[in-house]
Amino acid sequence: MSTSAAIERVHILGAGRMGQGIALAFAYAGLNVTMIDFKERDAQARVQFEKTARGEILRQLQSQVAFGRITDAQAAETIGRVLIVDRADARLNLAAAEIVFEAVPEVMQAKQTAFAWLCEHVSAQALIASTTSTFLVTELQRIVPHPQRLLNAHWLNPAHLMPLVEVSRSDLTAETAVQSVVQLLRRIGKVPVVCAPSAGYIVPRIQALAMNEAARMVEEGVASAEDIDIAIRTGFGLRFSVLGLLEFIDWGGCDILYYASHYLANQIDPRFLPAQIVSDNMREGRDGLRDARGFYDYAHVDVPAYLHRRLGEFGRLLDSSGLFPAFNAALKD
């Protein structure tokens, strides 16, 4: 299996929206990309599809030109790194492919067909990363030879802009495969996290709960959709872009979450009862910063410096959002 530093060309199986976004992410970072249109088309339809796909990638690049982030020449350089091929042309170079990101539709039959075709043409050492948000890596490993080289790499939309990529592995996945993919993602400026084969990964699982709760509040007449979204953008979202959810529990104290959860469970629904680990932390005196232990261990952390750093990050976020409190704001007309 190749190290990430040796990889200069990335193959993407599937040329839809996700495949295009991933191709753009790698090409923008300086790597060459072969995007494989896996759908069978006649010659005319294939030419039209390639034109459309390339046009969509160029449209995204032109947006960055308009924002002043890159020049027209840099946009042209980026799209020049993207090669779009059909199955027949892809076969010519797949034997030398070091990594393939699979991005075909979220249907198991489509995955099985794509993997069967792919594994006929790549070497046993080629890394395979599925971008699926639906199927667990353990399910996909059952349908490929050499399953130790397969993992899931779940990109968030828009793939070329969102930093996070959730890498899901199983016990069967080779550690070298995980590290190679993680290092490759870091190399192009992404922020990979590794998780077990669990439905919903990390972000989709948390956001499904949050989005449904917001919808319930509209149903119940708690607030308007607009006010709920303002609250999320200027309260919930701002804080948790600086402090992670578990870090925030430690910051405020586990006891706050514990008692608030019981109150909400009593007033609204038992779904708000605290997680068992929260109750365990309360019982074991792991209350967070004040006890120097919680979800994190602060025994050897310079806590004043840590607090200062996080407050500085939050202040800069408020500055960039135009939301930092203005001095003497109440005295201005």
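Since the structure is predicted, the reported quantities are computational estimates derived from the model, not experimental observations. Note: hydrogens, waters and symmetry copies are ignored here, and every other heavy atom, side chains too, is used.
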### Query
Does atom CZ of Phe240 have more than 12 heavy-atom neighbours, drawn from other residues, nucleotides or ligands, at distances under 6.0 Å?
yes

### Query
Can any side-chain N or O of Glu139 pair as donor or acceptor with the backbone N or O of Leu136 at less than 3.5 Å?
yes

### Task
Would you mind checking if Arg41 and Asp37 are paired as a salt bridge, meaning a charged N to carboxylate O distance below 4.0 Å?
yes

### Message
Within the 3.5 Å criterion, strictly below it, is a donor on Gln60 or Gln64 matched to an acceptor on the partner's side chain?
### Response
no

### Query
Quick one: does NZ or CZ of Arg286 land under 6.0 Å from the six-membered ring centre of Phe295, within 45 degrees of the ring axis?
no

### Message
Closer than 4.0 angstrom, basic N to acidic O: yes or no for Glu166 and Lys190?
### Response
no

### NZ/NE/NH1/NH2 to OD/OE distance under 4.0 Å, Glu120 and Arg91
no

#### Entry: Set of ring-ring contact (aromatic ring centres under 6.0 Å, His included) partners for His308, sequence neighbours left out
none

### Message
Can you confirm whether Arg205 is buried at CZ, in the sense that more than 12 heavy atoms of other residues, nucleotides or ligands lie under 6.0 Å from that atom?
### Response
no

### Between CD on residue Gln112 and CZ on residue Arg142, distance to nearest 0.5 Å
10.5 Å

### Query
Can you say whether the rings of Tyr306 and Tyr298 are parallel (under 30°), tilted (30 to 60°) or perpendicular (over 60°)?
tilted

### Message
Are Phe26 and Phe101, when compared by the centres of their aromatic rings, separated by less than 6.0 Å?
### Response
yes

### Task
For Glu226, look at atom CD and say whether over 12 heavy atoms of other residues, nucleotides or ligands are found less than 6.0 Å away.
no

#### Entry: Arg293 with Glu284: basic N within carboxylate O range, under 4.0 Å
no

#### Entry: Cluster overlap Val178 with Val165, hydrophobic side-chain contacts below 4.5 Å
yes

### Query
Does Leu161 belong to the same Ile/Leu/Val/Met/Phe/Trp/Tyr cluster as Leu317, with side-chain heavy atoms less than 4.5 Å apart forming each link?
no

### Query
Distance from Asn152 atom CG to Ser133 atom OG, nearest 0.5 Å?
9.5 Å

#### Entry: Cys195 SG to Arg169 CZ distance, which is reported to the nearest 0.5 Å
11.0 Å

#### Entry: Short N-O contact, Asp319 and Arg316, less than 4.0 angstrom
no

### Query
Between the side chain of Arg149 and the main-chain N/O of Leu127, is any donor-acceptor distance below 3.5 Å?
no

#### Entry: Donor-acceptor side-chain pairing of Thr113 and Gln109 below 3.5 angstrom
yes

### Query
Any ion pair linking Glu77 and Arg81 (charged N to carboxylate O, less than 4.0 Å)?
yes

### Task
Please check if the side chain of Asp287 supplies one atom and the backbone of Cys254 the other of a donor-acceptor pair under 3.5 Å.
yes

### Query
Is the closest basic N to carboxylate O distance between Lys111 and Glu102 below 4.0 Å?
yes

### Message
Is it the case that the side chains of Thr52 and Glu56 hold a donor-acceptor pair, with the cut-off being a distance below 3.5 Å and no angle test?
### Response
no

### Summary
To the nearest 0.5 Å, atom CG of Asp89 lies from atom OG1 of Thr34 at 10.5 Å

### Query
Taking atom OG1 of Thr132 and atom OH of Tyr201, what is their separation to the nearest 0.5 Å?
5.0 Å

### Task
Count the heavy atoms of every other residue, nucleotide or ligand shown that sit under 6.0 Å from CD of Gln44, and state whether that count exceeds 12.
no

### Check ion pair Asp255-Arg290 (N to O, under 4.0 angstrom)
yes

### Query
So does Arg17 have more than 12 non-hydrogen atoms from other groups sitting under 6.0 Å from CZ?
no

### Query
Does the side chain of Gln141 come under 3.5 Å of the side chain of Ser170 through a donor N or O and an acceptor N or O?
yes

### Any donor-acceptor N/O pair, Gln20 side chain to Ala15 backbone, under 3.5 Å
yes

### Task
Decide whether Phe38 and Val144 are clustered together by the hydrophobic rule: side chain heavy atoms of Ile, Leu, Val, Met, Phe, Trp, Tyr closer than 4.5 Å, transitively.
yes

### Query
Do Asn212 and Arg216 touch side chain to side chain, with heavy atoms closer than 4.5 Å?
yes

